[in-house]
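To keep things clear, I will list the structure first and then write my remarks on it.
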Amino acid sequence: MKFSNKQIDRYSRQIILKKIGTIGQKKLLKSSVLIVGAGGLGSPIAIYLAASGIGKIGIIDKDNVEISNLTRQIIFSTNDIKKQKSSIAISKLKKINPDIKLQSFSKKLTIKNINKIAKNFDLIVDGSDNFRTRFLINDYCLKSKKILVSGAISKFDGQVYTFNFLKKKSPCLRCIIPNSPMDLDIDNCEYEGVLGTLGGIIGSIQANEVVKEILKIGETLCGYILIIDGLKLTFRKVKLNKRSGCYCNEKKK
Ligand SMILES: [Zn+2]
């Protein structure tokens with residue numbers, strides 16, 4: 001692919017970086033990322049990935065915008081209330097970067113549709129708000145050997161972790177949480193509350209990790225969990241090991 005003059009101008013601040021250059025920017029433009037959830041995490045993830053020139057972005061979310069979303073779901077405005085999240089998000093991203101392909105899926109991600117939806121994307125970013133979806137994405141990425149960049153927020157805290165299932169040593173979500181929580185559909189933000197800015201912090205780190213994984217630059221977060229305490233402002237990177245007996249070990253044998 002050849003850059004147009006507009007593309008060179010648009011991406012100039014990234015192209016100038018030695019670790020990116022024109023080759024790296026082309027890699028970003030040729031990559032495809034599926035964002036699960038257009039919420040507190042999905043909003044900054046989508047905005048930064050679209051702006052940085054990820055060539056194809058898909059967003060899946062079945063919900064409509066509610067007034068209580070607006071403290072953290074910064075891709076939406078007050079006049080978007082009651083409108084469908086994924087399609088509104090896509091229309092906002094189109095304005096940010098008309099140079100990229102965008103696809104919205106206004107539905108719930110299920111075991112029945114995940115393969116059909118996710119197969120056309122290189123990398124999956126999880127910004128979902130419940131364990132059922134988290135386990136579903138984990139198992140799909142493990143089976144399809146895809147990179148998964150996941151994040152979670154609750155109260156004043158957040159976590160980010162990456163699983164690169166192209167690597168045999170990569171742990172999975174079931175290594176950390178062996179037994180499914182009692183209520184798989186629980187939404188922590190709704191029941192426990194969350195400070196809006198945590199979505200920006202964690203979502204931006206997830207977008208940063210996605211770009212790094214695509215470009216293969218820096219140190220991967222795979223094999224670690226980043227735990228952020230927003231009140232004390234501490235960032236802890238904790239090693240994650242594969243759990244013997246986990247389903248991800250059995251699969252690889
Ligand atoms: Zn595992």
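The basis for the numbers below is simple: all heavy atoms, side chains too, and nothing from hydrogens, waters or symmetry mates. Quick caveat, the model's predicted, so the values are computed rather than measured. When a ligand or atom number is given, it counts from 1 through the structure's own listing order.
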*asked:* Is it the case that over 12 heavy atoms from other parts of the model lie below 6.0 angstrom from the CD1 atom of I111?
replied: no

*asked:* Here's a test for you: under side-chain contact (heavy atoms from CB on, under 4.5 Å), which of K26, K2, M1 qualifies with Q7?
replied: M1

*asked:* Looking at K83 and N79, would you say the former's side chain and the latter's main chain have a donor-acceptor pair under 3.5 Å?
replied: yes

*Using the side chain to side chain donor-acceptor pair (under 3.5 Å) rule, collect all pairs that involve residues 13-22, keeping only residues at least two apart or in two chains.*
Q14-Q25

*asked:* Check for me: within less than 2.8 Å of the Zn ion (ligand 1), which protein N/O/S atoms show up?
replied: C172 SG, C175 SG, C246 SG, C248 SG

_Quick one, K62 with Q84, criterion side chain to side chain donor-acceptor pair (under 3.5 Å). Give me CA distance, side-chain angles, the key distance, then yes/no._
CA-CA 7 Å; K62 70 168 192 349; Q84 216 294 314; over 6 Å; no

*Between N113 and K108, is there a donor-acceptor pair closer than 3.5 Å when you use the side chain of the first and the backbone of the second?*
yes

